[in-house]
Number of protein chains: 2
Amino acid sequence: MNEKQKALYEARAKIIKAMAHPTRLFIVDAVSKKSQCVAELTEQIGADMSTVSKHLTILKNVGIIEDEKRGSHIYYKLKTPCVMSFFGCVESVLKSTAVQQLKLVK
Amino acid sequence: MNEKQKALYEARAKIIKAMAHPTRLFIVDAVSKKSQCVAELTEQIGADMSTVSKHLTILKNVGIIEDEKRGSHIYYKLKTPCVMSFFGCVESVLKSTAVQQLKLVK
DNA sequence: TAACCATTTGGCTATATTGCCAAATATGCA
DNA sequence: TGCATATTTGGCAATATAGCCAAATGGTTA
């Protein structure tokens with residue numbers, strides 16, 4: 001792997017890493033349904049608002065979500081909808097391992 | 001988020017987390033093209049073989065790749081091909097942010 | 001301008017991840 | 001059996017991540 005390739009894989013990994021957290025996955029899922037602000041998301045997640053805010057920043061920095069200021073509120077929404085396809089694949093990975101674990105039990 | 005939901009998001013995140021590393025992304029890419037063993041991958045990656053082996057274990061444990069023993073070699077191959085769709089989406093996220101950064105420069 | 005609401009930032013601690021080296025394990029062959 | 005090859009495991013140090021609290025910022029309204 002040369003330097004250029006390495007940099008490319010790092011850039012890709014950074015984006016996937018932004019999705020690689022339960023709270024951030026929830027956020028992506030939630031804002032894909034409707035634009036929401038930190039306070040709303042915080043209520044659903046049940047963590048400190050500052051924590052949720054930091055997760056939002058991470059997702060925003062890589063370009064997965066974007067913010068829109070409306071008055072004193074900041075609404076977050078999905079910027080790159082293709083990330084939703086991750087969910088389907090992840091589900092099939094989960095299912096495939098579940099099937100295999102079932103076989104082991106039998 | 002109730003406990004069950006939380007557990008589901010954690011399970012999903014674990015799978016995505018397995019992809020969230022430059023070396024592991026490279027491995028997924030590489031073994032999607034052809035089955036390979038640690039030594040081969042190590043050569044391309046340029047890290048310690050034990051490091052590469054650990055990355056393989058992480059990917060295997062979540063069910064993204066699987067191993068196949070042939071004689072004294074262990075070949076790794078892609079188990080859940082849908083993860084390849086991540087690349088396309090990641091590329092479009094990269095492109096979309098690149099375009100935006102260009103606009104800022106102008 | 002002051003009090004207020006929404007949100008982010010700084011700072012700190014706890015925990016998790018990564019990568020190397022050295023040692024262990026497993027397999028094949030002389 | 002014993003040595004060579006292929007790969008994994010243990011252990012440790014360095015770095016990164018996550019979460020909370022407290023404080024700061026920024027816009028809104030009285």
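Letters go in sequence order (proteins before strands), and every chain restarts at 1. These numbers come from the heavy atoms of this one structure, side chains and all, not from hydrogens, waters or symmetry mates.
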*So do B:Leu41 and B:Val31 actually touch side chain to side chain, heavy atoms under 4.5 Å?*
yes
*State which of C:dT7, C:dT8, C:dG19 makes the closest approach to the side chain of A:Ala39.*
C:dT7
*What is the distance, rounded to the nearest whole Å, between atom CG of B:Leu41 and atom P of D:dA6?*
14 Å
*Which nucleotide sits closest to the side chain of B:Tyr76: D:dG10, D:dT8, C:dT9?*
D:dT8
*Around atom CD of A:Glu43, are there more than 12 heavy atoms of other residues, nucleotides or ligands at under 6.0 Å?*
no
*Identify whether any heavy atom of A:Lys60 sits under 4.0 Å from a base atom; if not, whether one sits that close to sugar-phosphate; answer base, sugar-phosphate or nothing.*
nothing
*Nearest to the side chain of B:Thr51, which nucleotide is it out of C:dA22, C:dG19, C:dT9?*
C:dG19
*Looking at the side chain of A:Ser50, which of C:dC21, C:dT9, D:dA18 is the nearest nucleotide?*
C:dT9
_Closest nucleotide among C:dC20, D:dC20, D:dT17 to the A:Ala47 side chain_ = D:dC20
_d(CG, B:Leu56; P, C:dT18) in whole Å_ = 13 Å
*Hey, can you tell me if A:Tyr9 and B:Phe87 have their rings parallel, tilted or perpendicular (30° and 60° cut-offs)?*
perpendicular
*In whole angstrom, give the distance that lies between atom NZ of A:Lys69 and atom C1' of C:dC5.*
16 Å
*Apply salt bridge (Lys or Arg N to Asp or Glu O under 4.0 Å) to the pair B:Glu68 and B:Lys79, showing each step before the final yes or no.*
CA-CA 11 Å; B:Glu68 186 192 343; B:Lys79 187 185 174 190; over 6 Å; no
*Roughly how many Å is it from CD1 in A:Ile65 to P in C:dT7, rounded to a whole number?*
13 Å
*Hey, which of these two, A:Ile58 or B:Ile74, hits DNA chain D nearer its 5' end, going by closest nucleotide?*
B:Ile74
*So which nucleotide from D:dC21, D:dT8, C:dT18 ends up closest to the side chain of B:Met49?*
D:dT8
*Is B:Lys54 touching bases, backbone alone, or none of the nucleic acid, heavy atoms closer than 4.0 Å?*
base
*Is A:Glu10 salt-bridged to A:Lys17, going by a charged N under 4.0 Å from an acidic O?*
no
*Phosphate oxygens OP1/OP2 of D:dT5: is one of them under 4.0 Å from a side-chain N or O of B:Ser72?*
no
_Among C:dT9, D:dT7, C:dT7, the one nearest B:His73 by side-chain distance_ = D:dT7
*Is any side-chain N or O of A:Arg70 closer than 4.0 Å to OP1 or OP2 of C:dA6?*
no
*5' priority, DNA chain D, between B:Val38 and B:Lys17 [closest heavy atom]*: B:Val38
_Nearest listed nucleotide, side chain of A:His21, among D:dA18, D:dT7, C:dT8_ = D:dA18
_For B:Lys95 and B:Gln100, which I'm curious about, is there any donor-acceptor pair between the side chains at under 3.5 Å?_
no
*Could you tell me the separation between the NZ atom of B:Lys14 and the P atom of D:dT17, rounded to a whole number of Å?*
20 Å
*asked:* How many whole angstroms separate atom CD of A:Glu43 from atom C1' of C:dT7?
replied: 16 Å
*Whole-Å distance between D:dT7 P and B:Glu40 CD?*
8 Å
_Whole angstrom value for the distance that separates C1' of D:dT17 from CD1 of A:Ile16_ = 18 Å
